[in-house]
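Each chain gets a letter, A, B and so on, in the order the sequences are listed, and its residues count up from 1.
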Number of protein chains: 2
Amino acid sequence: MFPNIDPQNGIPLFEQVCRQVKFAIADQAYLPGELLPSVREMAQKMAVNPNTVARSYGELQREGIIESVRGTGMQITAEARRICQKERVRLIQERIVSALQEARFSQLTQEEVTKIVEREIQRLWKSK
Amino acid sequence: MFPNIDPQNGIPLFEQVCRQVKFAIADQAYLPGELLPSVREMAQKMAVNPNTVARSYGELQREGIIESVRGTGMQITAEARRICQKERVRLIQERIVSALQEARFSQLTQEEVTKIVEREIQRLWKSK
DNA sequence: ACTGCTGTACTAGATAGATAGTACACTACA
DNA sequence: TGTAGTGTACTATCTATCTAGTACAGCAGT
């Protein structure tokens, strides 16, 4: 379910966990009212420390995506899907823009960048 | 000359400095045989610590892009331009691919991603 | 020779991220 | 009423990055 946690990604682990959970909710792999896997279980799934997951869950809670039900677990809120679908686009867009900005500043031409992007999109989406 | 060093970029500063220098050489802002700005001068330009620049210069040296001439400065090697032009494409491509991979995994459709990319490329390159 | 500039090499401290381990209050369920 | 599983809150330790400050050997130009 969460195959791509990359410790040497530059992106902090607790943030990667947040993103993965958000994407899963946006994709309706988890539905409102359901419980997320427990801190300890999710930590095993993602091969990170339980504290790291706890930090991510705290973050998701502050964003109104999940609610803590003491002694029971983290429940997905009613607004979670809406928030996460917005977040998904925002987060992805942010990263793409950042990469393209560097390309722009580095004096690469529009043609060179377009070529790279089109090639990679083809490669990544061909086996849909 | 180096307007975009961003401390909260996720990318370590010393690595950002490396990239900027590589891009400048690829763009022939510095030519083989010339000296790079001194550690202290570059540190001022980029608003970072001299130690950070020194670390970056050490990295560039190990990659064969510059040579240390004790008491004089860091001299740009004959192969620097070739190496840096390759590196420029590689580094940019790496970042773009990484962002697109996340988009792919997050179940965004090819159309949504293409739309984002095309819009941003238009926006960034229009004022060429 | 002197002075000022190089790179280089230290030490020390601050901060952020991550791991490991422990503990505790709460809830669900048999 | 136990008991097992929740979130939560600590402390301690490790690593990487960055900053600050100091020092020193080597080169260039006066």
Side-chain angles (χ1 to χ4, degrees), chain A residues 2 4-21 25 30 32-77 80 91 95, chain B residues 2 4-22 25 30 32-77 80 91:
Chain A
F2 299 106
N4 55 346
I5 294 286
D6 181 8
Q8 24 253 40
N9 207 4
I11 304 176
L13 288 183
F14 78 91
E15 209 175 307
Q16 291 188 50
V17 174
C18 278
R19 294 168 91 99
Q20 300 280 318
V21 173
I25 293 176
Y30 297 116
E34 287 183 4
L35 294 178
L36 276 189
S38 78
V39 166
R40 295 163 179 86
E41 191 182 345
M42 185 65 94
Q44 273 222 330
K45 270 193 191 177
M46 296 200 173
V48 297
N49 193 278
N51 290 331
T52 304
V53 176
R55 181 169 176 184
S56 305
Y57 280 12
E59 185 58 42
L60 294 170
Q61 201 178 353
R62 253 179 294 125
E63 295 184 40
I65 293 167
I66 55 179
E67 275 173 340
S68 165
V69 186
R70 255 201 104 88
T72 302
M74 298 303 255
Q75 194 176 38
I76 295 164
T77 66
L91 289 170
R95 246 184 109 179
Chain B
F2 299 107
N4 54 346
I5 295 287
D6 181 9
Q8 24 253 41
N9 207 5
I11 304 175
L13 289 181
F14 77 92
E15 209 174 306
Q16 291 188 50
V17 173
C18 277
R19 294 168 92 100
Q20 300 279 316
V21 173
K22 284 178 187 171
I25 293 175
Y30 296 115
E34 288 183 4
L35 295 178
L36 276 189
S38 78
V39 166
R40 295 164 179 83
E41 191 181 344
M42 185 65 94
Q44 273 221 330
K45 270 193 193 178
M46 297 200 174
V48 297
N49 194 277
N51 290 333
T52 304
V53 176
R55 181 169 177 185
S56 303
Y57 280 13
E59 185 58 42
L60 294 170
Q61 200 177 352
R62 255 180 292 125
E63 296 184 39
I65 294 168
I66 57 179
E67 275 172 342
S68 164
V69 187
R70 254 200 106 88
T72 301
M74 298 302 254
Q75 193 174 39
I76 294 163
T77 66
L91 290 170

Determine yes or no for a side-chain-to-main-chain donor-acceptor pair under 3.5 angstrom, with [X] supplying the side chain and [Y] the backbone.
{"X": "B/Q20", "Y": "B/I5", "result": "no"}
{"X": "B/Q16", "Y": "B/I11", "result": "yes"}
{"X": "B/Q75", "Y": "B/G33", "result": "yes"}

Evaluate side chain to side chain contact (heavy atoms under 4.5 Å, CB included) for B/V53 paired with B/M46, printing each intermediate quantity in order.
CA-CA 9 Å; B/V53 176; B/M46 297 200 174; 5.7 Å; no
Under 4.0 Å, counting only non-hydrogen atoms across every strand here, what does B/Q61 touch: a base, just sugar-phosphate, or nothing?
sugar-phosphate
Once you round it to whole Å, what is the distance between [atom2] of [N] and [atom1] of [X]?
{"X": "B/Q44", "N": "C/dC5", "atom1": "CD", "atom2": "P", "result": "12 Å"}
{"X": "A/Q75", "N": "C/dT27", "atom1": "CD", "atom2": "C1'", "result": "14 Å"}
{"X": "A/L35", "N": "C/dT27", "atom1": "CG", "atom2": "C1'", "result": "12 Å"}
{"X": "B/M42", "N": "C/dT6", "atom1": "CE", "atom2": "P", "result": "12 Å"}
{"X": "B/I5", "N": "D/dT19", "atom1": "CD1", "atom2": "C1'", "result": "16 Å"}
{"X": "B/E59", "N": "C/dG7", "atom1": "CD", "atom2": "P", "result": "17 Å"}
{"X": "B/E41", "N": "C/dC5", "atom1": "CD", "atom2": "P", "result": "11 Å"}
{"X": "A/L60", "N": "D/dG7", "atom1": "CG", "atom2": "C1'", "result": "14 Å"}

Residue [X], side-chain heavy atoms: nucleotide from [options] that is nearest:
{"X": "B/V48", "options": "C/dT19, D/dT19, C/dG7", "answer": "D/dT19"}
{"X": "B/N49", "options": "D/dG7, D/dA20, C/dT19", "answer": "D/dA20"}
{"X": "B/F14", "options": "D/dT17, D/dG7, C/dA18", "answer": "D/dT17"}
{"X": "B/V39", "options": "D/dT6, C/dG7, D/dT8", "answer": "C/dG7"}

Side-chain contact test, heavy atoms from C-beta onward, threshold under 4.5 Å: evaluate it for B/R55 versus B/E59 and give yes or no.
no
Take atom CD of A/Q44 as the centre, draw a 6.0 Å sphere, and report whether it contains more than 12 heavy atoms from other residues, nucleotides or ligands.
no
Nearest 0.5 angstrom please: A/S68 OG to A/M74 CE, how far?
5.0 Å
Using the rule given for side chain to side chain contact (heavy atoms under 4.5 Å, CB included), can you reason through B/L60 versus B/Y57, listing the C-alpha separation, both sets of side-chain angles and the distance that settles it, and then say yes or no?
CA-CA 5 Å; B/L60 294 170; B/Y57 280 13; 4.2 Å; yes
Base contacts versus sugar-phosphate-only contacts with protein, heavy atoms under 4.0 Å: please encode nucleotides 24-30 of chain D as B, S and - from 5' to 3'.
-BBB---
Whether B/T52 contacts D/dT19 is assessed here as follows: a side-chain N or O lying under 4.0 Å from the phosphate OP1 or OP2. Is that the case?
yes
Check the pair A/R95 / A/R19 against side chain to side chain contact (heavy atoms under 4.5 Å, CB included), numbers first and verdict last.
CA-CA 12 Å; A/R95 246 184 109 179; A/R19 294 168 91 99; 3.6 Å; yes
Dump the pairs, protein N or O against N or O of nucleotides 9-13 of chain C, anything under 3.5 Å, distances to one decimal.
none

